[in-house]
Amino acid sequence: MLQVSFIRENRDFVIERLGVKNFSEAESKVDKVISLDNERRTKQTELDNIKAEANRLAKEIGMLFKQGKAAEAEELKARTAECKVQEKELGEQFAKVEAELKDLLLSIPNLPNQAVPRGKSAEDNEIVYEEGVIPELHAGAVEHWTLCSKYDIIDFELGNKITGAGFPVYKSQGAKLQRALINFFLDEAGKSGFTEVQPPLMVNEASALATGQLPDKEGQMYSVPLDGFYMIPTAEVPVTNIFRDTIQKQSNLPIACCAYSQCFRREAGSYGKDVRGLNRLHQFDKVEIVCIDTPEHSYEQLEMMKNHVAGLLRKLELPFRILRLCGGDMSFTSAITYDFEVYSAAQKRWLEVSSVSNFETYQSNRLKLRYKDENNKTQLAHTLNGSALALPRIVAALLENHQFESGIRIPKALQAYFGAETIF
RNA sequence: GGAAAGUUGGCAGAGUGGUCGAAUGCGGCGGUCUUGAAAACCGUUGAUCUUCACGGGUCCGGGGGUUCGAAUCCCUCACUUUCCGCCA
């Protein structure tokens, strides 16, 4: 969440930036934050004074008892009663204001970076880079879902029976392709300097809140109410939370981690052809990269992450483009997001396969993730993450783009992992 | 799942109702000494809110309670360890 001190000192700027995200109640909410904060600080001062007085009296009473002056002590005790009444009342008021302020702050999204274009929807995203050649497919070329059943590598029907729509069963060479991609992505991340971790696939409420899934996206996560857990929608959640409530040494930065995990998303509200085949699943595999750095260097880190993702797509021989998301299409918590899309030649459409973002201090303020700068002052760090990569749409594009009459070609970089040059 | 014992600063570990944000040791940082280093010695070393500042408040796993006063007593939740049970 945003820092109150920043909002206080940059009211107009904050309102202007929130406007880029098409956040409608920007002005009223920002002003409400400022007034609640003023109230909070006034209450705190009053409360502190009363507590100071009560502490002073308590010490005095202690001294008097030690000196055997019980009568005088009793006299002072009577006075503390008054303090207690006031303390209780003010304490309740203070807690109420503080809670209200916190809820309000949680409802305000991150500010978009200056580079973020204005816009309402995906239509307004800015294409900043394109690479690769869109392949000419042979006459009988088909979409990946047809290829999946033709070669019997991914069974959507079977998944329907066992669980429901969006939980496919990967079979034989399909399962092997999954493993190949996961290992390929992890090895490549290792080469780029990311340290591998294997996080839990369920997180508690505090973790989901810290990275911003709660309260914003509660309905998008599968939950386990009996234990108060949530199935992770991305490894970003557990991996970033490794660093919750920590103060890093500046010499430890940048931190760069990668993690393979399965991801679980309810995708409530999705429908139509977008959900066909591998385009949108409830359970899928992804290798995530997470970075933590100082505000001075986080944008260098973002470039590094983008280059890493571009390198993966290049090695998979897939045509791709990079979009800079407009304010209206960005996530609640992001300051800037670059989406990577690959062209799916049989579906004849671009598929989002990666999203690389800098959250600046928005997540770290919730996480209480800080570092000591060169002056030994505690500062909020910047957090970044990206997919490198999510499997299903990569598989869709691989199958479609590399298909030929009697099989599917496996890109060179993947052959050693897959153990064959083709699927047939 | 049952039983017991625990949770204190970066770490180890004292502290069972008052002057305790907290002994001591280790580690860290600064210094003396040294050609340099080690050793020794001296000093320093938690976080957070508020204030221009002085100062004040809060934090001993989380939450609540008792008391004039709680790290210390009570309740509750979480976690850890050990034993038993179950089990990949």
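The figures that follow rest on heavy atoms only: side chains count, while hydrogens, waters and symmetry mates do not. Per chain, numbering begins at 1; letters A, B, ... match sequence-line order.
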For B:rG65 and B:rC59, measure between their P atoms and round to the nearest Å. 13 Å
Euclidean distance for P, B:rC20 against B:rG57 (whole angstrom): 15 Å
Could you tell me if A:Tyr338 and A:Glu303 have a donor-acceptor pair between their side chains, going purely by distance under 3.5 Å? no
Residue-phosphate contact under 4.0 Å: A:Lys84 side-chain N/O, B:rG69 OP1/OP2: yes
Remember a base hit wins even if backbone is also touched, and classify A:Asn376 as base, sugar-phosphate or nothing at under 4.0 Å, heavy atoms. nothing
Mate of B:rC87 across any strand shown (Watson-Crick or G-U wobble, both atom pairs under 3.5 Å) is none
Rounded to the nearest angstrom, tell me the gap between atom NZ in A:Lys249 and atom C1' in B:rU45. 13 Å
Paired with B:rG27: which nucleotide, if any, by Watson-Crick or G-U wobble criteria at under 3.5 Å for both distances? B:rU45
Can you tell me the pairing partner of B:rC68 across any strand shown, Watson-Crick or G-U wobble, with both distances under 3.5 angstrom? B:rG18
Given B:rU48, B:rU19, B:rU58, identify the nucleotide with an atom nearest to the side chain of A:Lys51. B:rU58
Nearest of B:rU50, B:rG18, B:rU58 to any side-chain atom of A:Asn55? B:rU58
Just by modelled atom types, is the A:Thr211 backbone N or O under 3.5 Å from a matching donor or acceptor in the A:Gln363 side chain? yes
Rounded to the nearest angstrom, tell me the gap between atom CZ in A:Arg40 and atom P in B:rU50. 5 Å
Rounded to whole angstrom, note down the C1' distance from B:rA23 over to B:rA14. 6 Å
Residue pair A:Thr422 / A:Ile408, side-chain heavy-atom distance below 4.5 Å: no
If the P atom of B:rG21 is compared with that of B:rC60, how far apart are they to the nearest Å? 11 Å
Just how far, in rounded Å, is P of B:rU51 from CZ of A:Arg8? 6 Å
What is the distance, to the nearest angstrom, from the CG atom on A:Leu76 to the P atom on B:rG18? 19 Å
Once you apply the 3.5 Å cut-off to both distances, tell me the Watson-Crick or G-U wobble partner of B:rA37, or none. none
Nearest nucleotide by nearest heavy atom, which residue falls closer to the 5' end of RNA chain B, A:Met63 or A:Ala52? A:Met63
Given that both distances must come in under 3.5 Å, which nucleotide forms a Watson-Crick or G-U wobble pair with B:rU81? B:rA4
Specify the separation, in whole Å, of atom OH of A:Tyr371 and atom C1' of B:rG10. 20 Å
Just call it for A:Arg56: base, sugar-phosphate, or nothing, with non-hydrogen atoms closer than 4.0 Å on any strand. nothing
Candidate nucleotides B:rG57, B:rU48, B:rU51, ranked by approach to the side chain of A:Arg41 - the nearest: B:rU51
B:rG27 versus B:rU34 - spacing of their C1' atoms, nearest Å: 24 Å
Could you work out the separation of B:rC26 and B:rC49 based on their P atoms and round it to a whole Å? 32 Å
Whole-Å C1' distance, B:rU72 and B:rG6: 16 Å
Using a strict cut-off of less than 4.0 Å between a Lys/Arg side-chain nitrogen and an Asp/Glu carboxylate oxygen, indicate whether A:Glu317 and A:Arg409 qualify as a salt bridge. yes
Quick check for you: among B:rU58, B:rA47, B:rC68, whose closest atom lies nearest to any side-chain atom of A:Ile247? B:rA47
Given atom NZ of A:Lys77 and atom C1' of B:rU66, what is their separation to the nearest angstrom? 13 Å
Quote, to the nearest angstrom, the P distance that separates B:rG18 from B:rG69. 14 Å
Atom-to-atom span, CG of A:Leu90 to C1' of B:rG57 - whole angstrom: 13 Å
First encountered from the 5' end of RNA chain B, between A:Thr378 and A:Ile61: A:Thr378
Quick one: A:Lys368 NZ to B:rG46 P, roughly how many Å, whole number? 21 Å
Using 0.5 Å steps for rounding, measure from the CG atom of A:Asn49 to the CD atom of A:Gln86. 10.5 Å
Does A:Lys43 qualify as a cation-pi partner of A:Phe94, given the criterion of NZ or CZ under 6.0 Å from the six-membered ring centre and within 45 degrees of its axis? no
Sugar-phosphate only, base, or nothing, as touched by A:Lys372 at under 4.0 Å among non-hydrogen atoms: sugar-phosphate
Under 4.0 Å between a side-chain nitrogen and a carboxylate oxygen: does that hold for A:Arg8 and A:Asp37? yes
